[in-house]
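Residue numbers count from 1 along this sequence. This is a predicted model, so every value here is computed, not measured.
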Amino acid sequence: MTRREATGGPDPELVALAGRLLDTIDEFADEIASAIEARVEFYVTHSVVPADDLRRSVRGNLEYVLKSLREDSYADVAAARTTGALRAEQGVPLSVVMAAFRVLFSRIWHSLVLHARAQERVSEQALVDAASDLWAAHDTFAEEMAAAHREATMTLLLRNEGERSALVGALLEGRPLHETSVWDVADVLRLPKRGPFVVVAAESVQLAQEALPGIENRLRARRIGSAWRLLPDAQIGIVRFENDADLQPLTSTLTESARSRIGVSPPYVALTETAAALRFARIALASTVAGTPRVTMFDDFPLAVAAVSAPDAMQRVRQAVLGPILDLPPEQSKMLLETLAAWRDSGGSASTAAGALFCHPNTVRHRLRRIEAATGRSLGDPKATAEILIALEAALLGIA
C-alpha cells in the first residue's frame, strides 16, 4: 500500500515541495520558458509568440499544475484552454504547442526530483505517486489545450472563409477599392497583388450548390491560387496563374471536375478589373449549349461569345438570316442546322462533315445548297458565311 493510499492524500513532503516551487514561481516560469525556447525551434525567434506572451502562458499553466499537486485537487484547466485558443489565433500548429507542454511538465518533474533528493525526506514510492499524478495532469491539460486549439481553429476558419467570401463578392460586384485596400484584400484572399488573373464561372446544377466541390484545394495542389464565392446560380472563382502555360493545368482541372457549363474570362492584371472579367466569364458560360459539361474560354469561341453578348440583337439576326429554315417542319430544320454545324466544325469540308453525320458527301452538299437557297446567301461568300454562322450560333444556343 502506498502512503497516498494509506493516508488518503499526497505525501506531505511533496505538498511542501510544490509549495516551495510556487513561492519561486516567477523564476521557475522563466527557467521553463527558456527551456521551451531552447528545445522547440518554433519559439526561438519570437516572431509569432513574443517572449513575454510565452512566459505568461508558462506561468499560468505552471501555477495551476503546482496548486493541483499541493492541494491534491483536480487540475483547473482554464490556463490550458486559454493557451490553446490563443496559440490557434496566433497560427501556432497544435503539434508545436503540445511539444511546449511536454517541456513544461518534464521540467516540473525534474525540479520535484532534484528537490526531493536534495532534502532526502521523500520516499521513492512518494515520487512514483507524484509522477503518476503529474503525468495524469499532463494528459488532462494537453487534452483540454488541444480541444480549445481545435475549437478556435474551426472558428477562425469559418470566420476567415466568411471574410474571404465577402471580399470576393466585393470584387465581383465592382465596389470601389482604394489601392491600399486592394493590397489588403489580396492578403486576405491569399493571392498576389497583381495578375494575371481570370474569373471562372461554373453553373450550379442545383440552386446554391457548389458546381466544383473542393476546387480550391485541387488547384492549390497544382500551385494555382484561387478564391471562390457561391452565388445562387453559379460558383465564381478568382484564379491567379503565373503565365500562359498555367492556363492548361487550370482548364484541365476544371474539365476533370465539370458537371455543368463553365466559362473562363480573358486574363486581366488588376483585381479592380474583376467585375468586368466576371461579365466575360458569364458570357463564355452562356455560349455553351445548356446541359453541356464543358469549359469555355472567352477568347476561344468568338462566334458563340458574340451570339450571347447581345441577345436582343441576335434574336433579330437569327430570324432574319435563318428564318426560312427555322420555319420548316422541326425534323427538316434540325437536320439542316446539324449539317451546317458539322460543315462548320469540319473546316468547310463536305467529306469530313459527312463522316461525322454518317452520310454521303453529296448528301451534305445537297443540304448546304438547300441552306443557300433558303437564306439567299452563298457559303462561298465570306461575308454571307459569317452572317449564316453567327445566326447558327444564336439558333443552337436557343436565343429566341
Side-chain angles (χ1 to χ4, degrees), residues 160-204 210-212 214-258 260-288 294-311:
N160 290 342
E161 287 307 307
E163 183 179 0
R164 292 183 79 218
S165 178
L167 289 175
V168 171
L171 292 173
L172 296 174
E173 293 163 15
R175 297 181 203 168
L177 293 173
H178 299 296
E179 190 61 29
T180 53
S181 297
V182 173
W183 282 60
D184 292 338
V185 167
D187 282 338
V188 173
L189 297 182
R190 300 191 288 275
L191 293 174
K193 312 300 185 292
R194 303 285 289 177
F197 303 99
V198 293
V199 170
V200 175
E203 184 178 43
S204 294
E210 286 190 343
L212 300 166
I215 187 63
E216 185 170 353
N217 289 334
R218 287 200 293 277
L219 289 175
R220 186 182 299 117
R222 295 194 173 191
R223 300 183 181 278
I224 300 173
S226 62
W228 297 80
R229 189 177 195 197
L230 181 62
L231 301 180
D233 64 331
Q235 185 177 3
I236 310 295
I238 302 170
V239 181
R240 169 62 156 82
F241 57 98
E242 292 296 331
N243 50 55
D244 289 344
D246 276 340
L247 275 176
Q248 181 57 46
L250 169 61
T251 54
S252 296
T253 305
L254 293 175
T255 300
E256 292 165 3
S257 308
S260 58
R261 297 183 292 178
I262 299 174
V264 181
S265 76
Y268 62 100
V269 175
L271 280 172
T272 50
E273 302 170 33
T274 299
L278 172 60
R279 178 173 176 271
F280 293 138
R282 283 192 175 278
I283 290 173
L285 182 155
S287 68
T288 300
R294 189 175 85 179
V295 178
T296 302
M297 310 294 291
F298 182 91
D299 289 340
D300 289 349
F301 299 92
L303 274 181
V305 164
V308 299
S309 296

Please find the pair of heavy atoms, one from S226 and one from L191, that lie closest to each other, and give the distance. N-CD2, 3.6 Å

All heavy atoms of T251 vs all of Q248, minimum pair found to be OG1-O, 3.0 Å

Side chain S265, main chain V199, donor-acceptor under 3.5 Å: yes

Is the closest side-chain heavy-atom distance between T253 and L212 below 4.5 Å? no

Could you tell me which non-hydrogen atom of F280 sits nearest to which non-hydrogen atom of F298, and how far apart they are? O-CD1, 3.3 Å

Taking all non-hydrogen atoms of both residues into account, name the closest pair between Y268 and A277 and its distance. CE2-CB, 3.4 Å

Is a side-chain N or O of Q235 found less than 3.5 angstrom from the main chain of A211, in a donor-acceptor match? yes

Any side-chain heavy atom of V198 sitting closer than 4.5 Å to one from M297? no

Heavy-atom neighbours of R279 CZ exceed 12 at 6.0 Å: no

Less than 4.5 Å apart, any side-chain heavy atom of R229 and any of L171? no

Any donor-acceptor pair under 3.5 Å from S257 side chain to L254 backbone: no

Close side-chain approach of S204 to E210, heavy-atom, < 4.5 Å: no

Side chain R222, main chain P249, donor-acceptor under 3.5 Å: yes

Residue pair D299 / P267: nearest heavy atoms and the distance that separates them: OD2-CD, 4.3 Å

Any donor-acceptor N/O pair, R261 side chain to A284 backbone, under 3.5 Å: no

Note, L219 side chain near W228 side chain (heavy atom, < 4.5 Å): yes

Tell me if a side-chain donor or acceptor on S260 pairs with a main-chain N or O of E203 at a distance below 3.5 Å. yes

Between the side chains of S252 and E256, is a donor N or O closer than 3.5 angstrom to an acceptor N or O? no

With heavy-atom distances below 4.5 Å as the criterion, would you say the side chains of F241 and L247 are in contact? yes

Can you confirm whether V239 sits close enough to V264 that some side-chain heavy atom of one is under 4.5 Å from a side-chain heavy atom of the other? no

